[in-house]
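Before any comments, here is the structure.
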Amino acid sequence: MKNWAFVSDFDGTISKKDFYWVVIEKYFPEGQELFRKWKAGEMKDIDFLSTVFSSINQDEQQIIEDIRGIPIDPYIPEFIKTIQNHGGDFYILSAGTNYYIYHILEKYDIKGVTVLSNEGYYKDGNVHMDIDPTHRHYSERYGIDKAKVIRELKEEYETVHFAGDSEPDSHPAVYADLTFAKDALPDILKEKNVPFIPVTAFEEVEAELQRKGFLSHD
């Protein structure tokens, strides 16, 4: 069995802004109403995201520029290296799409990270999601079942830690050894009686991992 892995959500956890908000604010104001419907439970996550991502209508260079402008936790490139230097594998687990995640990893020269997310590609001015219902991680609601992924990684690693910020992250949090929760996630986990460590940034996550003995103090 491998030693340990750190798994992080992307939108709102690594990035400080969800890609769908970038699109809604710049190109698709109608998305505000869809957002309300989605949050009221009238739309599946995957339908909301597919609609927003396919309503950009810009050339690819413009979309890449928008993606590269998304702010991220400034400490994350350093944090990922620290995990890797201490024998941990780093995963990004996202119910968004790998299309924009790869562009951000490239911008910050982040290497050696496994991205588990919905497949995305550019075509005709938009970003499309390629969801495979036969995939072992398939979820009808999210495209990817994060809880299934964490359960699978738990069979491969002795320890699996997780960081997230919102409702989809409450499902994998049940199975992680330590869950680091920010924004809306702490309240959701409290309600479900799932243990977590509240954080606002990855520097706090690193300090906690040092306290728990996963990372040495330099």
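- Comment: Arg36 engages Glu33 in a salt bridge, judged by a side-chain N to carboxylate O separation of less than 4.0 angstrom.
- Ring geometry, Trp21 versus Phe35: the interplanar angle falls from 30° to 60°, so the pair is classed tilted.
- For Ser170 (side chain) and Glu167 (main-chain N/O), a donor-acceptor pair under 3.5 Å exists by modelled atom type.
- With Asn118 contributing its side chain and Thr97 its backbone, the two residues share no donor-acceptor pair below 3.5 Å.
- Listed here is the closest heavy atom pair of Gly12 and Lys182: O-NZ, 3.1 Å.
- Distance CG/Leu209 to CZ/Phe214: 7.0 Å, rounded to 0.5 Å.
- Taking 4.5 Å as the limit, some side-chain heavy atom of Lys190 sits within range of a side-chain heavy atom of Phe196.
- No donor-acceptor pair closer than 3.5 Å links the side chain of Thr13 to the backbone N or O of Phe10.
- Residue-environment remark: CD (Glu25) exceeds the threshold of 12 foreign heavy atoms within 6.0 Å.
- Taking the six-membered ring for Trp and the full ring otherwise, the centers of Phe48 and Tyr20 sit less than 6.0 Å from each other.
- Formation of a donor-acceptor pair under 3.5 Å by the Trp38 side chain with backbone atoms of Leu49 is not found in this model.
- Neither side chain, Ser54 nor His128, offers a donor N or O lying under 3.5 Å from an acceptor on the other.
- Using a 4.5 Å heavy-atom threshold, the side chains of Ser55 and Tyr27 count as separate.
- Taking the centre of each ring, Tyr175 and Phe162 stay at or above the 6.0 Å mark.
- Leu105 contributes atom CG, which lies 10.0 Å from atom CG of Asn98 (distance to the nearest 0.5 angstrom).
- One hydrophobic cluster, built from ILVMFWY side chains closer than 4.5 Å, holds both Val115 and Ile14.
- Val113 and Tyr75 fall within the same hydrophobic cluster, defined by Ile, Leu, Val, Met, Phe, Trp and Tyr side-chain heavy atoms under 4.5 Å apart, directly or through other members.
- Ring planes of Phe6 and His161: perpendicular class, angle over 60° (limits at 30 and 60°).
- Contact check on Asp45 versus Arg141 returns a salt bridge, with a Lys/Arg side-chain nitrogen under 4.0 Å from an Asp/Glu carboxylate oxygen.
- Put simply, the side chain of Lys107 gets close to the backbone of Arg68: a donor and an acceptor are under 3.5 Å apart.
- Residues Thr179 and Pro195 share a closest heavy-atom pair of CB-O, 4.1 Å.
- Residues Asp89 and Leu153 have side chains not in contact (no heavy-atom distance under 4.5 Å, counting atoms from C-beta outward).
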Evaluate the criterion side-chain contact (heavy atoms from CB on, under 4.5 Å) for residue pair Lys148 and Arg136; output intermediate values, then yes/no.
CA-CA 8 Å; Lys148 266 187 199 165; Arg136 68 184 191 283; over 6 Å; no
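- Using a 30° and 60° split on the angle between ring planes, His103 and Tyr99 fall in the perpendicular class, above 60°.
- Hydrophobic clustering (ILVMFWY, side-chain heavy atoms < 4.5 Å, transitive): Ile64 and Ile72 are in one cluster.
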One pair to check against side-chain contact (heavy atoms from CB on, under 4.5 Å): Gln62 and Lys26. What are the steps and the verdict?
CA-CA 11 Å; Gln62 179 59 50; Lys26 261 192 110 168; 3.4 Å; yes
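- The heavy-atom pair separating Glu140 from Lys44 by the smallest distance is OE2-NZ, 2.9 Å.
- Rounding to the nearest 0.5 Å places CD1 of Ile144 at 7.0 Å from NE2 of His135.
- By the 4.5 Å heavy-atom criterion applied to side chains, Ile24 and Leu34 are not counted as neighbours.
- Looking at Tyr100 and Asp11, their side chains do bring a donor and an acceptor atom within 3.5 Å of each other.
- Taking CG of Leu215 as the start and CG of Asn85 as the end, the distance is 10.0 Å to the nearest 0.5 Å.
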Show your reasoning for whether side-chain contact (heavy atoms from CB on, under 4.5 Å) applies to Leu178 and Glu208.
CA-CA 10 Å; Leu178 289 177; Glu208 195 59 43; 5.6 Å; no
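- To the nearest 0.5 Å, atom NZ of residue Lys192 and atom CG of residue Leu185 are 9.0 Å apart.
- Taken from CD in Gln84 to CD1 in Ile110, the straight-line distance is 9.0 Å, to the nearest 0.5 Å.
- Contact annotation: the side chain of Glu203 never approaches that of Pro74 to less than 4.5 Å [non-hydrogen atoms, C-beta and beyond].
- In this structure a side-chain-to-backbone donor-acceptor pair under 3.5 Å is missing from Asp9 to Ala163.
- Residues Ile76 and Tyr108 are not in side-chain contact: their nearest non-hydrogen atoms beyond the backbone lie 4.5 Å or more apart.
- Minimum heavy-atom separation, Ala181 to Leu189: CB-CD1, 4.1 Å.
- Residues Tyr157 and Ile83 fall into different hydrophobic clusters, defined by Ile, Leu, Val, Met, Phe, Trp and Tyr side chains chained together at heavy-atom separations under 4.5 Å.
- Closest non-hydrogen pair, Ile46 versus Ile131, comes out as CD1-CD1, 3.6 Å.
- In this structure, Val7 is not a member of the same hydrophobic cluster as Tyr142, with clusters built from ILVMFWY side-chain heavy atoms closer than 4.5 Å.
- Between Ser94 and Ile101 there is a side-chain heavy-atom pair separated by less than 4.5 Å.
- A donor-acceptor pair under 3.5 Å is formed between the side chain of Asp169 and the backbone N or O of Ser166.
- A salt bridge does not link Lys81 with Glu78: none of the charged nitrogens is closer than 4.0 Å to a carboxylate oxygen.
- Lys154 is listed as a side-chain neighbour of Asp177, based on a closest heavy-atom distance under 4.5 Å.
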Apply the test side-chain contact (heavy atoms from CB on, under 4.5 Å) to residues Ile197 and Lys212: give CA-CA distance (whole Å), side-chain angles for both, the deciding distance (0.1 Å), then the verdict.
CA-CA 12 Å; Ile197 297 162; Lys212 303 268 187 205; 4.2 Å; yes
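- Smallest separation of non-hydrogen atoms from Ala5 and Tyr91: CB-CE1, 4.0 Å.
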